[in-house]
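Take a look at the structure set out below.
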There are 2 protein chains.
Amino acid sequence: MEYYREDSAILLAVDCIIFGFNGESLQVLLIKRDFEPERNKWSLMGGFVQADESPELAASRVLKKLTGLENVYMEQCSVFGDPKREPNNRVVSICYFALIDTQKYTHILSEEYEAKWFPLQDYPTLIFDHDQMISSAQHRLRMKAALYPILFELLPEKFTIPQIAALYEGVYNIEFDKRNFSRKLLASDLIIKLDEKDKENSKKGAFYFKLNTAIYKEKIMSFLRYLPSWFPEN
Amino acid sequence: MEYYREDSAILLAVDCIIFGFNGESLQVLLIKRDFEPERNKWSLMGGFVQADESPELAASRVLKKLTGLENVYMEQCSVFGDPKREPNNRVVSICYFALIDTQKYTHILSEEYEAKWFPLQDYPTLIFDHDQMISSAQHRLRMKAALYPILFELLPEKFTIPQIAALYEGVYNIEFDKRNFSRKLLASDLIIKLDEKDKENSKKGAFYFKLNTAIYKEKIMSFLRYLPSWFPEN
DNA sequence: AATAATTAGTGTCAAATTAACATTTATTTT
DNA sequence: AAAATAAATGTTAATTTGACACTAATTATT
């Protein structure tokens with residue numbers, strides 16, 4: 001059958017860009033490879049797509065293998081498929097980004113892998129095109145977060161306004177006026193004030209909030225207003 | 001080598017969602033398959049990724065084969081890889097959407113394929129998961145166009161304001177106040193007024209504009225304001 | 001015990017932007 | 001010459017933004 005000729009001996013893989021937020025800065029989870037090629041170098045967590053599984057499933061499997069976590073927010077981002085991207089084989093990799101709250105999950109990091117959180121501003125050189133993968137995922141995250149309130153996926157159940165502000169500042173690498181930010185955020189009705197205060201991070205203490213899930217699910221384009229309109233991307 | 005075992009006999013394909021705008025409505029270019037399986041049914045134009053080419057290149061090749069066009073705006077969108085998405089083989093397909101001006105290119109449609117523009121509101125049932133591919137590409141187009149002025153890629157060199165308005169209305173499937181739209185558009189400095197008028201579509205005639213390419217390249221997030229903030233997506 | 005230091009949270013206001021609506025203009029058809 | 005049509009410009013009140021100042025709650029310092 002001419003149409004289905006076996007002209008592409010291509011291996012299909014997935015790589016996970018795992019973003020985390022520790023209350024202060026945006027992080028990315030990397031592993032130290034314990035196999036060849038490129039043994040002992042830092043890389044993204046990845047794996048091959050099996051014959052009977054979808055790429056989504058493969059990505060979830062890989063994520064679970066590393067972190068033990070399931071039902072994590074994951075989203076497909078770009079595919080890297082340059083014929084020369086890996087030296088020995090033709091591997092096309094589909095990237096997924098995942099959003100998780102680092103604080104909650106530090107303890108169940110797999111012992112099978114040497115894994116470590118690195119600040120997104122300062123992580124080691126990675127193998128192959130994994131640096132590009134992170135850049136591309138970050139770009140995608142920025143785009144998505146400008147339209148949808150997905151960054152709340154990075155926060156714990158209870159969070160403070162200064163934390164959200166730090167998160168947005170980390171994602172977009174800008175600073176903005178906390179007073180105006182807080183006003184807009186509250187006006188959105190996306191968050192609900194709790195009685196409790198977080199006394200860890202400041203003398204005065206900041207009130208905890210929780211997500212208003214009903215509004216969270218309906219909010220979309222209108223959320224774009226959380227970014228200043230002069231936001232200087234490139 | 002354990003790591004690179006041949007566990008995935010997966011074929012890798014690309015499919016192109018080719019969006020066009022004829023001055024009135026948003027269209028998508030489909031072909032009638034002349035090969036099995038699913039001969040004579042409508043589908044997206046696609047093809048397999050060759051051993052020595054990147055997915056991007058494969059998509060460009062496929063697009064050129066159908067339309068004769070090169071240097072078209074193309075963007076990767078989602079990957080479809082369900083193990084059962086094609087009945088006979090395990091094919092994972094990377095989708096690309098392309099933006100072209102239908103009017104300019106109707107005449108060089110390949111004679112090798114039976115290809116036809118269909119309104120995005122009303123196209124025939126497609127093979128496999130190609131309907132989902134279109135939906136997903138449309139979603140992506142909306143998201144991208146809310147942040148970046150890419151829709152100008154669908155317009156000819158010279159275009160009128162009523163045309164741009166129709167284009168945005170088509171993409172988001174809403175109507176908005178042309179007076180306010182036009183004011184915002186002009187305020188953006190994205191378009192430059194020409195002396196000439198388009199007399200085809202109205203008695204009075206509408207002035208032609210051309211793109212201000214310098215501003216086009218720098219405009220990004222700020223363009224988000226071209227959508228009403230109450231925009232009701234889902 | 002008083003005071004300084006720190007960060008959270010609320011308040012003010014002028015300027016810019018939006019949304020809703022009205023009018024004028026250029027041209028063709030009747 | 002008048003009517004019809006669609007483009008283009010104008011008006012205005014309400015809302016939102018951006019820039020800034022102040023108050024509040026608590027801990028550390030003297």
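These values consider heavy atoms only, across backbone and side chains, with no hydrogens, waters or symmetry-generated copies. Nothing here was measured: the structure is a model prediction, and the numbers come from that model. Chain identifiers are assigned alphabetically (A, B, ...) following the order of the sequence lines, protein sequences preceding nucleic acid strands; residue numbering begins at 1 within each chain.
- When the C1' atom of C:dA26 is taken as reference, atom CZ of B:F207 falls 9 Å away, rounded to whole Å.
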| task | Show your reasoning for whether salt bridge (charged side-chain N to carboxylate O under 4.0 Å, His left out) applies to A:E169 and A:K178. | result | CA-CA 10 Å; A:E169 293 188 332; A:K178 310 296 186 297; 3.0 Å; yes
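- Salt bridge A:E75/A:R140: present, at least one basic N to carboxylate O contact under 4.0 Å.
- Between B:F128 and B:F80, the distance separating the two ring centers is not shorter than 6.0 angstrom.
- Across A:L120, A:L151, A:N173, a single residue satisfies side chain to side chain contact (heavy atoms under 4.5 Å, CB included) together with A:L26, and that is A:L120.
- Note: OH (A:Y208) to P (C:dG9) measures 12 Å, nearest angstrom.
- Atom CG of A:L185 is separated from atom P of C:dG9 by 11 Å (rounded to the nearest Å).
- Between the C1' atom of D:dA19 and the CZ atom of A:F176 lies a distance of 16 Å, rounded to the nearest Å.
- Listed by chain and number, the residues in a ring pair (Phe, Tyr, Trp, His ring centres under 6.0 Å) with B:F118 are B:W42 (sequence neighbours excluded).
- Classified by interplanar angle (parallel below 30°, tilted 30° to 60°, perpendicular above 60°), the ring pair B:Y172/B:Y168 is parallel.
- The distance from atom CD of A:E24 to atom C1' of C:dT7 is 14 Å, rounded to the nearest whole Å.
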| Reading nucleotides 20-30 of chain D 5' to 3', which nucleotides get B (base under 4.0 Å from a protein heavy atom), which S (sugar-phosphate only), which -? | BB--BBBS---
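- Distance CG (A:L186) to P (C:dT10): 7 Å, rounded to an integer number of Å.
- Between the C1' atom of D:dA7 and the CD1 atom of B:I191 lies a distance of 13 Å, rounded to the nearest Å.
- When rounded to the nearest whole Å, the span between NZ of A:K178 and C1' of D:dA19 equals 14 Å.
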